[in-house]
Amino acid sequence: MILSFEIRRSLHTRVGLPFDRPLLKIANALDFSKLKIGGLGSQQKVFGGSVSLVQGSYEYFHYLQDGFNDSGWGCAYRSLQTIISWFRLQNYSSIEVPSHREIQQSLVVIGDKDSSFVGTRDWIGAMELTFVLDKLLGASILLITVFGNINL
């Protein structure tokens, strides 16, 4: 799909990306090793935008943790657990980090999934993560889709 110049410029402007080349390629990866950590976070100017690192503690949740076998399907669940742990450890929330089942149940409660979803090994994605963060933490999330192979 070829986007008009105006649409590309608008998308790039929204997420602070340059207009002079295709993006989201491995060769364009950012090197965070040069950032100086200090204060509540760090910023470095990058291609007309800025990169921010959020500072704070979190627990890293990973496959097979707590003897639960989610290998091959639990990546988004574990990422969500890690995100919620950050909110807990910064004292923005006092909820317990939810299990896979509790995450699935919250998606059923809000009407995103049918009750048969609970207890399955079905994948969830970024959209479901935003629904759960909103439901459990009251955190409003904005997802921005960025297309990788845009011809400039």
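One is the number of the first residue; the rest follow in order along the sequence. Excluded from the calculations below are hydrogen atoms, water molecules and symmetry mates; all remaining heavy atoms, backbone and side chain alike, are included.
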Hey, could you give me the [atom1]/[atom2] distance between [X] and [Y], rounded to the nearest 0.5 Å?
| X | Y | atom1 | atom2 | answer |
| --- | --- | --- | --- | --- |
| F117 | S115 | CZ | OG | 11.5 Å |
| Y60 | S79 | OH | OG | 8.0 Å |
| D134 | I110 | CG | CD1 | 7.5 Å |
| L137 | Y92 | CG | OH | 12.5 Å |
| L129 | L143 | CG | CG | 9.0 Å |
| D122 | S116 | CG | OG | 8.0 Å |

- Aromatic ring pairing F68/H100, orientation class (parallel under 30°, perpendicular over 60°, tilted between): tilted
Where do [X] and [Y] come nearest, in terms of heavy atoms and distance?
| X | Y | answer |
| --- | --- | --- |
| S57 | Q90 | O-NE2, 2.7 Å |
| Y63 | G72 | CE2-N, 3.9 Å |
| W86 | G56 | NE1-CA, 3.9 Å |

- Between N69 and S71, is any side-chain donor less than 3.5 angstrom from a side-chain acceptor? no
- Establish, from distance only, whether the side-chain atoms of Y77 and Q104 form a donor-acceptor pair under 3.5 Å. yes
Donor-acceptor contact below 3.5 Å, side chain [X] vs main chain [Y]:
| X | Y | answer |
| --- | --- | --- |
| R88 | I95 | yes |
| Q105 | V118 | no |
| D112 | E128 | no |

Please examine the side chains of [Y] and [X], heavy atoms only from C-beta on, and report whether any two atoms are closer than 4.5 Å.
| X | Y | answer |
| --- | --- | --- |
| E96 | E102 | no |
| L80 | V132 | yes |
| Q81 | I103 | yes |

- Message: Grouping I, L, V, M, F, W and Y whenever their side-chain heavy atoms are under 4.5 Å apart, do L136 and V109 come out in a common cluster?
- Response: no
- Message: Are L89 and I84 connected into the same hydrophobic cluster when the rule is that any two of I, L, V, M, F, W, Y join if their side-chain heavy atoms are below 4.5 Å apart?
- Response: no
- Message: Any carboxylate oxygen within less than 4.0 angstrom of a Lys/Arg side-chain nitrogen, looking at R78 and D70?
- Response: yes
